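Here you go, one structure.
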2 protein chains.
Amino acid sequence: MSNRSQRGDGEVPAPAIPAERVTIGLVAKVAGVSRATVSRVMNGNPRVAEDLAMRVRSAAEELGYDPSPVARSLALGRTGIIAMLVPDLGNPMFQGILHGLTDAAGEQDYRLLVADSNENLHEEPVLAVEARRRCDGLVLCAPRMTDEQLYELAPRLAPCVLINRELPGTTVPSLTIDFAAGIRDLVTHLLSLGHRRLAYLAGPGTSVSNRNRVEALHKAAKNTFELLELPCGATFADGHAVADHLTDHDVTAVIAYNDLVAFGALSRLHELGINVPTQMSIVGFDDIPFVRYTTPPLTTASVPMDRLGPEAWRRLWSLMSGETPEKNVHFRPRLEVRGSTGPAPS
Amino acid sequence: MSNRSQRGDGEVPAPAIPAERVTIGLVAKVAGVSRATVSRVMNGNPRVAEDLAMRVRSAAEELGYDPSPVARSLALGRTGIIAMLVPDLGNPMFQGILHGLTDAAGEQDYRLLVADSNENLHEEPVLAVEARRRCDGLVLCAPRMTDEQLYELAPRLAPCVLINRELPGTTVPSLTIDFAAGIRDLVTHLLSLGHRRLAYLAGPGTSVSNRNRVEALHKAAKNTFELLELPCGATFADGHAVADHLTDHDVTAVIAYNDLVAFGALSRLHELGINVPTQMSIVGFDDIPFVRYTTPPLTTASVPMDRLGPEAWRRLWSLMSGETPEKNVHFRPRLEVRGSTGPAPS
DNA sequence: TTGTACGCGTTATCAT
DNA sequence: ATGATAACGCGTACAA
């Protein structure tokens with residue numbers, strides 16, 4: 001059956017270049033039909049004589065023919081692919097979105113291509129354009145790109161759906177998280193527990209979502225509680241590192257930029273012998289999969305990650321179909337009270 | 001300068017379809033030259049008169065011309081892209097590889113496209129072929145694909161580099177982890193601590209890397225210690241769930257399929273009030289970034305993740321250049337003794 | 001129903 | 001140095 005029966009009596013070479021390119025023309029010649037007919041058969045066009053179709057199919061099978069996606073894309077003017085650009089694949093938050101997006105798009109036979117801008121925040125715009133040019137649509141999550149850049153780029157990125165930020169004055173659809181509401185809920189929760197001196201472990205300074213949180217915090221802090229802002233970051237390691245300085249100040253509760261940071265801080269506090277929540281309360285943001293299992297389980301603002309992917313796809317699909325996408329959604333996080341928060345120590 | 005100066009007096013539409021396609025032909029017409037010349041200018045061909053080049057550049061600038069990657073790929077016969085297929089983006093292990101691969105390939109102006117086979121293990125082969133056909137090379141990590149399938153597919157995937165598995169009898173380069181050695185080190189460590197009854201939290205049954213571990217364990221167990229094999233999985237949640245059954249049996253140490261699982265189990269044991277390592281020792285595999293911070297820090301077999309990406313790229317590059325890639329590497333994990341292992345309770 | 005011929009947007013090979 | 005023109009591999013009017 002398979003051609004590897006001769007394995008064992010020699011090395012089977014891994015051909016860097018196929019023996020001879022098998023194109024639609026070759027199949028046509030072998031099957032004794034025109035290329036148009038082959039094309040029709042391959043695309044399931046029903047109006048071809050069954051005998052011809054058979055000949056084509058067996059020829060294609062025999063030659064191992066597979067239409068070139070590139071040539072196909074050029075002729076069709078579409079690729080059947082969408083791309084998503086994320087700032088950090090390591091963040092479980094994006095993994096959730098990616099998963100949902102893959103599934104939703106997959107149902108309509110669209111494939112998802114993931115591009116990670118990683119640390120090259122500098123090249124974020126380049127990557128976005130490049131990714132977009134190779135496919136039919138883009139889901140863009142670029143928290144560090146300036147509004148200026150985004151306005152400039154938007155026309156070249158369409159059809160495009162924005163995640164976690166908006167582009168006022170344009171019709172570019174966007175899915176956002178109501179960070180302010182989430183922060184308010186967390187603060188209210190902490191205040192109700194008697195906390196009055198809070199620390200905020202800030203995310204990347206250039207990130208819009210960090211700015212949103214900071215603004216909400218400052219607004220809430222007015223005449224209500226003391227707020228200490230500590231530069232931190234977005235990763236577990238960042239949170240872990242900054243936790244050392246927590247005891248330098250007189251705070252009783254910590255609001256982390258996100259769950260990863262909160263987790264890192266939680267871990268470090270444990271190492272330092274500081275009990276959570278009796279000596280210090282701590283909250284995160286996002287509700288990524290495993291923070292419900294940390295010790296203690298993390299109180300956080302739960303973002304409905306699983307809804308973002310599908311919603312993004314629907315809007316992208318509308319745009320690609322020339323229709324008007326549904327209105328933007330501003331997801332409201334749900335306060336998830338768990339074990340990492342408790343009454344403020346007297 | 002920018003055309004968004006009129007923002008504010010109306011909605012700027014997000015054009016699903018660019019106003020008019022600006023192709024190389026249009027630029028040529030506007031600049032008053034042939035398409036060939038435009039192509040030359042765009043590709044930095046030095047032998048074009050400077051005045052013509054100027055005209056072309058300004059025309060291109062003015063029209064916002066950007067060569068179509070698809071058409072370009074078709075004409076050139078190469079895309080400038082490589083793909084990597086991973087079974088689970090959520091596993092930090094792959095994120096490490098992806099990162100290294102992105103950087104290495106990026107230095108030679110190749111972009112990385114990530115495809116996640118997610119739970120569609122069934123479609124893994126399809127995805128692999130699809131991904132490969134759209135670019136110039138593939139880094140494949142498909143732990144659940146059968147050898148049969150892989151042998152069958154190999155020719156269509158070349159140039160291709162395998163991660164975590166080999167294809168004996170072929171010249172397909174592969175980068176593998178010496179799971180057996182890692183397991184042996186972990187076992188030896190546990191035995192030296194006096195443990196004689198071990199549990200193994202098995203990964204996905206269909207995964208080759210799981211089979212490798214199991215084999216190594218059975219080999220080591222011969223007349224040395226008792227081995228209990230518990231079906232588990234590959235995620236944090238899997239480990240968390242299975243930990244409940246750990247106390248049903250009389251084991252003193254646990255070897256988890258990977259760090260994620262170990263972490264999950266660790267977390268659950270803590271909830272159950274079982275102290276690690278005094279009552280139970282536990283080890284993981286991989287050494288993903290944050291397990292050094294868990295409580296207690298996890299003893300594990302450290303895999304040099306950061307080396308995999310670059311090594312994979314070098315081999316892929318060789319293949320694409322028609323050269324013979326360097327020999328395969330069988331990475332030997334390094335035993336990382338931390339706080340999650342201790343003397344067996346008497 | 002089938003084949004012919006052209007278009008998709010670009011690069012490369014020739015003449016000139 | 002520049003411009004026709006033929007690839008690249010495929011889809012699809014249109015004609016037959």
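To find a chain, count down the sequence lines: A is the first, B the second, and so on, and within it residues start at 1. Since the structure is predicted, the reported quantities are computational estimates derived from the model, not experimental observations.
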Under 4.0 Å: is that the gap between some side-chain N or O of B:Arg21 and OP1 or OP2 of C:dG9?
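For C:dG9, OP1/OP2 do have a side-chain N/O of B:Arg21 under 4.0 Å.
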Under 4.0 Å from a heavy atom of chain A: give me the 5'-most and 3'-most nucleotides of DNA chain D that qualify.
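Listing 5' to 3', DNA chain D meets chain A from D:dG9 to D:dA13.
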List in chain and number order the residues that pass side-chain contact (heavy atoms from CB on, under 4.5 Å) with B:Pro125, two or more places apart in sequence or in another chain; answer none if no residue qualifies.
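Partners of B:Pro125 by the side-chain contact (heavy atoms from CB on, under 4.5 Å) criterion, ordered by chain and then number, come out as B:Met145, B:Gln149, B:Leu153.
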Indicate every side-chain donor-acceptor pair of residues 70-85 of chain A with a distance under 3.5 Å to a residue at least two apart or in another chain.
| from | atom 1 | to | atom 2 | distance (Å) |
| --- | --- | --- | --- | --- |
| A:Arg72 | NH2 | A:Asn43 | OD1 | 2.6 |
| A:Ser73 | OG | A:Pro69 | O | 2.7 |
| A:Arg78 | NH1 | A:Tyr110 | OH | 2.8 |
| A:Thr79 | OG1 | A:Ile81 | N | 3.1 |
| A:Thr79 | OG1 | A:Asp136 | OD1 | 3.0 |
| A:Thr79 | OG1 | A:Asp136 | OD2 | 3.3 |

Mind grabbing the angle between the end helix axes of the helix from C:dT1-D:dA16 to C:dT16-D:dA1? Five pairs an end, 10° rounding.
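The angle, to the nearest 10 degrees, is 50°.
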Can you pull out the residues from residues 37-53 of chain A that lie within a 4.0 Å heavy-atom distance of DNA chain D?
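Residues of residues 37-53 of chain A under 4.0 Å from DNA chain D: A:Ser39, A:Arg40, A:Asn43.
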What residues, two or more places apart in sequence or in another chain, satisfy side-chain contact (heavy atoms from CB on, under 4.5 Å) together with A:Glu323?
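side-chain contact (heavy atoms from CB on, under 4.5 Å) list for A:Glu323, sorted by chain: A:Ser318, A:Ser321.
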Looking for any heavy atom pair under 4.0 Å, which part of the strands does A:Val70 touch: base, sugar-phosphate only, or nothing?
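No contact at all - A:Val70 keeps every heavy atom at 4.0 Å or more from the nucleic acid.
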Identify whether any heavy atom of B:Leu76 sits under 4.0 Å from a base atom; if not, whether one sits that close to sugar-phosphate; answer base, sugar-phosphate or nothing.
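Sugar-phosphate only.
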Between B:Ser34 and B:Arg133, which residue's closest nucleotide on DNA chain D lies nearer the 5′ terminus?
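Between the two, 5'-proximity favours B:Ser34.
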I'd like to know if the side chain of A:Arg133 reaches the main chain of B:Pro67, judged simply by a donor and an acceptor atom lying under 3.5 Å from each other, with no hydrogens or angles considered.
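Yes; judged by distance alone, with no hydrogens or angles, the pair exists.
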Considering only distance and modelled atom types, tabulate donor-acceptor pairs under 3.5 Å from the side chains of residues 22-31 of chain B, sequence neighbours left out.
| from | atom 1 | to | atom 2 | distance (Å) |
| --- | --- | --- | --- | --- |
| B:Thr23 | OG1 | B:Gly25 | N | 3.1 |

Got a sec, which pairs hit salt bridge (Lys or Arg N to Asp or Glu O under 4.0 Å) with one end in residues 35-49 of chain B, sequence neighbours left out?
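Every pair satisfying salt bridge (Lys or Arg N to Asp or Glu O under 4.0 Å) with a residue in residues 35-49 of chain B: there are none.
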Results of side-chain contact (heavy atoms from CB on, under 4.5 Å) for A:Asp306 - residues two or more places apart only:
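Scan of A:Asp306 (side-chain contact (heavy atoms from CB on, under 4.5 Å), adjacent residues dropped) gives A:Pro304.
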What pairs meet the salt bridge (Lys or Arg N to Asp or Glu O under 4.0 Å) rule with one or both residues in residues 48-59 of chain A, with sequence neighbours excluded?
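Counting only pairs at least two positions apart or across chains, the salt bridge (Lys or Arg N to Asp or Glu O under 4.0 Å) contacts touching residues 48-59 of chain A are A:Glu50-A:Arg57.
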Mind calculating the distance between CZ (B:Arg35) and C1' (C:dA12) to the nearest angstrom?
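Atom CZ in B:Arg35 sits about 12 Å away from atom C1' in C:dA12.
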Length of the line joining A:Leu74:CG and C:dC8:C1', which is rounded to integer Å
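After rounding, the gap between these two atoms is 4 Å.
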In whole angstroms, how far is the P atom of C:dG9 from the CZ atom of A:Arg134?
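So the CZ-P distance, A:Arg134 to C:dG9, works out to 16 Å.
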Restricting to salt bridge (Lys or Arg N to Asp or Glu O under 4.0 Å), what partner residues turn up for B:Arg134, sequence neighbours left out?
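Applying salt bridge (Lys or Arg N to Asp or Glu O under 4.0 Å) to B:Arg134 gives none.
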Mind checking what makes side-chain contact (heavy atoms from CB on, under 4.5 Å) contact with B:Arg156, not counting sequence neighbours?
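With sequence neighbours excluded, B:Arg156 shows a side-chain contact (heavy atoms from CB on, under 4.5 Å) to A:Asp66, B:Val129, given in chain and number order.
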Would you kindly give the CD1-to-P distance between A:Ile24 and C:dG7, to the nearest whole Å?
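Answer to the nearest Å: 18 Å.
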Would you call A:Glu124 and A:Arg144 a salt bridge, using N to O less than 4.0 angstrom?
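Between A:Arg144 and A:Glu124 there is no salt bridge, as every charged N stays at least 4.0 Å from the carboxylate O atoms.
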